[in-house]
Number of protein chains: 2
Amino acid sequence: MTKPRFVSAADVARLAGVSRSAVSRAYTPGAAVSEAARKRIHAAAEELGYRVNRLARTLHQDRSDLVGLVGGNFSNPYIAAQLDALSCALQGRGLQCLLMNTATAGADVSEHLARLLDYRVRNVVLLSGAAPDDLIRLCAQNGARMVLINRPPPPEGTQADLILADSARGGRLAAERLIAAGCRRVAVVVSGSRTTAKKARAEAFCAVMAARGVAVTTWADGANAYVTGVEAARSLLAQPGLDGIFGVTDEIALGVLNTARHELGLSVPGDLSVIGFDDAPISEWSSHGLTTIRQSLDALTAATLEAIDRPAEAPPTRFAVPVELVERTTVA
Amino acid sequence: MTKPRFVSAADVARLAGVSRSAVSRAYTPGAAVSEAARKRIHAAAEELGYRVNRLARTLHQDRSDLVGLVGGNFSNPYIAAQLDALSCALQGRGLQCLLMNTATAGADVSEHLARLLDYRVRNVVLLSGAAPDDLIRLCAQNGARMVLINRPPPPEGTQADLILADSARGGRLAAERLIAAGCRRVAVVVSGSRTTAKKARAEAFCAVMAARGVAVTTWADGANAYVTGVEAARSLLAQPGLDGIFGVTDEIALGVLNTARHELGLSVPGDLSVIGFDDAPISEWSSHGLTTIRQSLDALTAATLEAIDRPAEAPPTRFAVPVELVERTTVA
DNA sequence: GCACAGATTGCACAGCTGTGCAGTGACAGC
DNA sequence: GCTGTCACTGCACAGCTGTGCAATCTGTGC
C-alpha cells in the first residue's frame with residue numbers, strides 16, 4: 001500500500017479529464033466553468049474525497065480564515081462557556097478557531113503565542129491571560145488584528161480592539177447590593193495574578209465601601225481559580241465578624257460560598273452574604289444559586305464578532321459590554 | 001499607509017543581504033548556514049517581525065502540525081477539562097489545535113467536520129458527538145489519522161485509533177455500589193442522543209441489576225446536559241419509591257443530585273443515592289461531593305498523545321483506559 | 001603557488017492553489 | 001460562407017517555503 005497522501009486538485013483534474021484550473025474554478029463561486037464540467041469535476045472530487053486545500057488558498061490570498069483563540073484556563077466555567085459560544089459563532093461565519101492554551105507548562109508563553117502568527121491567523125482573540133507587549137507588536141507588524149477581551153489597553157498607538165465589560169459599574173453594583181443587605185464588614189477576593197479588569201472590579205467595590213464607611217479587607221493571593229476562593233474563605237472566616245464577601249470571579253465566589261457553607265458550617269445568606277462576577281452557567285445551579293454580576297455572554301460574543309468583521313485597516317475601537325445584577329439566593 | 005502584509009522570507013533576505021534559501025535554512029535545524037549569516041538573518045527577522053509561514057511549510061512537507069479537536073459541548077465540565085489538558089499536552093509537542101464545535105446551529109455538521117481536512121490536519125480527535133461515516137472515509141482518503149475517544153468503532157477496515165474507557169466495568173461498579181448501599185429500586189439516566197459508550201455504561205449497569213433481581217427504570221430523553229438530569233429527577237421522583245439513580249455522565253448526575261436535594265427536598269444519600277460517571281473537577285466541590293466512576297483524565301490524555309504520535313501508516317490500535325470508583329458522599 | 005577538502009551559498013524546482021490572459025470552439029447574423 | 005461575439009478552457013505565473021544540486025569560497029597541506 002502506498003503511503004496515504006492528501007488528494008490534490010491535479011488528481012481530480014486527471015480523473016475528470018479537465019485542466020487543473022477548471023477544478024479550481026469549479027470551487028470558486030462566480031468563476032467561468034460550464035455546467036457540464038462543474039458536474040463532472042464535483043463527481044470526481046466526491047469519488048476521490050477531494051477538498052480544497054485552504055492552506056494553499058490562504059497562501060495566495062492575503063487573509064486566512066483562521067482566528068486565534070488564546071486563553072489560560074479553559075476549565076473555568078465562564079471561559080468554557082465563552083469558548084463554546086465563540087467557536088459556534090465564528091464557525092457560523094466560515095471562520096476556524098486555532099486554540100492556544102497559555103497554561104502550557106514550562107514553555108515560554110510569548111513563544112507559544114507567536115506561534116499563532118506562524119499560521120497567519122487573521123485575528124487573535126485574547127480571552128484570558130496577559131498580552132505580552134511583543135506579541136502585540138508582532139501582530140501589528142504582520143497585519144493580524146487583535147481583539148482583547150477584558151484586558152488592559154495596549155501601549156499607545158497599537159492596533160487592537162478592546163472589548164470591555166463595565167467592571168467599575170459591576171464593582172459598584174456588588175458593593176451597593178451588600179450594603180443594602182446590611183453588611184458592615186466585608187472582604188473582596190482577587191487572585192494573585194490580577195488583571196486590570198479584575199483589579200477595576202475590586203477597586204470600584206472598595207471605593208463605594210469607603211464612601212459608606214464600611215471597612216474592606218482585600219485578599220489577593222493564589223491563582224485565578226476555585227481553590228483561591230476556598231483558601232480565602234478559610235483564612236478570612238477563621239475568626240468571626242465578616243458578613244459579606246465579593247469574589248471578582250464566579251469561580252472564586254463559588255469557592256468562597258461552598259467553603260463557608262459546607263466546610264465552615266456557616267449559613268449563606270444568614271451569617272454571610274456572597275456575591276460574584278461573570279454569571280457562569282453553574283452559578284445558577286440550585287446547588288449554588290449565586291447572586292452575581294452578569295456580563296452578558298451574548299453581548300460579549302456579538303462584540304467580538306463585530307470586531308473581527310471590521311476590515312484590517314479600520315481604526316481600533318472600544319466596545320462596551322453592559323453588566324447587570326442577577327439576584328439569587330446568596331445575599332440577604 | 002500601505003495595507004499591512006505578512007512579512008515573508010524574501011523580505012528578511014533582502015534586509016539581511018542573503019538569498020531566500022539562507023533564510024529558510026536559518027530556521028531549519030541542522031541545515032548548512034554559517035554562524036555569521038544565521039545571526040544576521042535572525043536580527044533582520046527580529047526587526048521585521050518575521051515568522052516562518054507554517055502554512056507554506058505544510059504545503060511542502062506532507063504532514064502538518066495541526067490537530068483537529070472535535071467536540072459538541074465545551075461547557076460540559078468534563079469536556080472542558082479534557083480540552084484544557086489535551087491542548088496543553090499537544091502544544092507541549094509543538095502541535096496546534098484546530099477547534100471544531102459540532103453544536104454550530106443550523107449548519108450541516110458533516111460539512112463542518114470535513115472543513116477540518118481543508119486545513120490538512122494530521123489528526124482528527126473526536127471528543128464527543130457522533131462521527132459520520134463519510135467523515136471517517138474522508139479522513140482515510142486523505143491520510144489523516146483519526147482518534148475516537150469513547151466513540152463507537154467505525155465500520156470494518158477503516159483506519160481509526162480507539163480510546164475507550166472501560167464503560168462496562170464502570171457500569172458494573174456503579175451498580176454494585178448502589179446494591180451495597182442497599183438500594184432496591186433504581187433508575188439509570190441516559191441522554192436521548194446516546195452514544196455507544198453511554199449506552200454501554202447503562203447496559204452493564206442494568207445487567208448487574210437484573211442479575212440481582214433489582215428493578216431498573218431507564219430514562220432516555222433530552223440532550224446530553226445538566227437539564228436532562230433535572231428533568232429526569234423531576235419525572236422519576238414524582239412519586240416516591242426510587243432509592244438510587246445512576247447518571248451516565250457527571251453533568252447529568254449533578255442535575256439529578258441538585259434537583260433532588262434543593263428542589264424536591266430529598267436527603268442525599270439519606271432518601272436517595274446518586275452516582276455519576278466521569279469525575280469532572282466540579283464533582284469534587286463540597287457543594288456536590290458526588291460519588292462517581294472516574295475515567296482518568298491523565299490516562300485519557302496520555303493515550304491520545306500516544307495515538308497521535310504513531311506514524312501515519314501504523315495499523316490502528318485500541319487503547320483501554322481504566323476506571324475506578326471514587327467514594328464521596330452521595331451514596332449511602 | 002597549487003590542488004584538494006570542506007563549508008557555504010544560490011539556483012531552480014516542487015508542493016497546491018487562484019487568476020490574468022490568450023486561445024479555442026460554437027453559434028448567430030448577414 | 002464569413003465574421004464577430006461569447007462562453008469556456010488551459011497556460012503560465014504568483015504566493016511562500018524546503019531542499020537537491022551545482023557553484024563558489026575558505027583554508028590547509030605540500
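Every chain is numbered from 1, with letters handed out A, B, ... down the list of sequences. Since the structure is predicted, the reported quantities are computational estimates derived from the model, not experimental observations.
Taking 4.5 Å as the limit, every side-chain heavy atom of Leu66(B) sits out of range of all side-chain heavy atoms of Thr58(B). In this structure the side chain of Asn101(B) never reaches within 4.5 angstrom of the side chain of Leu90(A), judged on heavy atoms. Inter-residue side-chain proximity for Gln82(B) and Leu297(B) is flagged as met; some heavy-atom pair is nearer than 4.5 Å.
At whole-Å resolution of the value, CZ in Arg120(A) and P in dT17(C) are 20 Å apart. Protein atom CG of Asn53(A) is 13 Å distant from nucleotide atom C1' of dC16(D), rounded to whole Å. When rounded to the nearest whole Å, the span between CD1 of Ile41(B) and P of dT8(C) equals 12 Å. To the nearest angstrom, P of dC16(D) lies 12 Å from CG of Leu59(B). Rounded to an integer number of Å, the gap from CZ of Arg14(B) to P of dG10(C) is 14 Å. Protein atom CZ of Arg57(A) is 12 Å distant from nucleotide atom C1' of dC16(C), rounded to whole Å. Look at OH on Tyr27(A): it is 10 Å from P on dT17(C), rounded to the nearest Å.
Within the 4.0 angstrom heavy-atom criterion, only backbone atoms of the sugar-phosphate kind lie near Ser8(A); the bases stay farther away. Heavy atoms of Val52(B) sit under 4.0 angstrom from primed sugar atoms or phosphate atoms, though from no base atom. Nucleic acid contact class of Tyr50(B) (heavy atoms, under 4.0 Å, all strands): sugar-phosphate only.
The list of salt bridge (Lys or Arg N to Asp or Glu O under 4.0 Å) pairs with a residue in residues 299-310 of chain A, not counting sequence neighbours, reads Arg93(A)-Asp309(A). Sequence neighbours left out, not one pair with a member in residues 72-101 of chain B passes ring pair (Phe, Tyr, Trp, His ring centres under 6.0 Å). Within the structure, every pair that satisfies the salt bridge (Lys or Arg N to Asp or Glu O under 4.0 Å) test and touches residues 10-26 of chain B, not counting sequence neighbours, is listed here: Asp11(B)-Arg14(B). Contacts classified as salt bridge (Lys or Arg N to Asp or Glu O under 4.0 Å) and involving residues 70-86 of chain B (residues at least two apart or in different chains) are not found.
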Heavy-atom protein contacts under 4.0 Å, nucleotides 7-14 of chain D, coded B base, S sugar-phosphate only, - none | -SBBBB-B
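End-to-end axis angle of the helix from dG1(C)-dC30(D) to dC30(C)-dG1(D), from C1' rotation axes over five pairs per end: 50° (rounded to 10 degrees).
Remark: the backbone N or O of Ala56(B) is paired with a side-chain donor or acceptor of Asn53(B) at under 3.5 angstrom.
A donor and an acceptor atom, one from each side chain of Gln96(B) and Asp118(A), are nowhere located under 3.5 Å apart.
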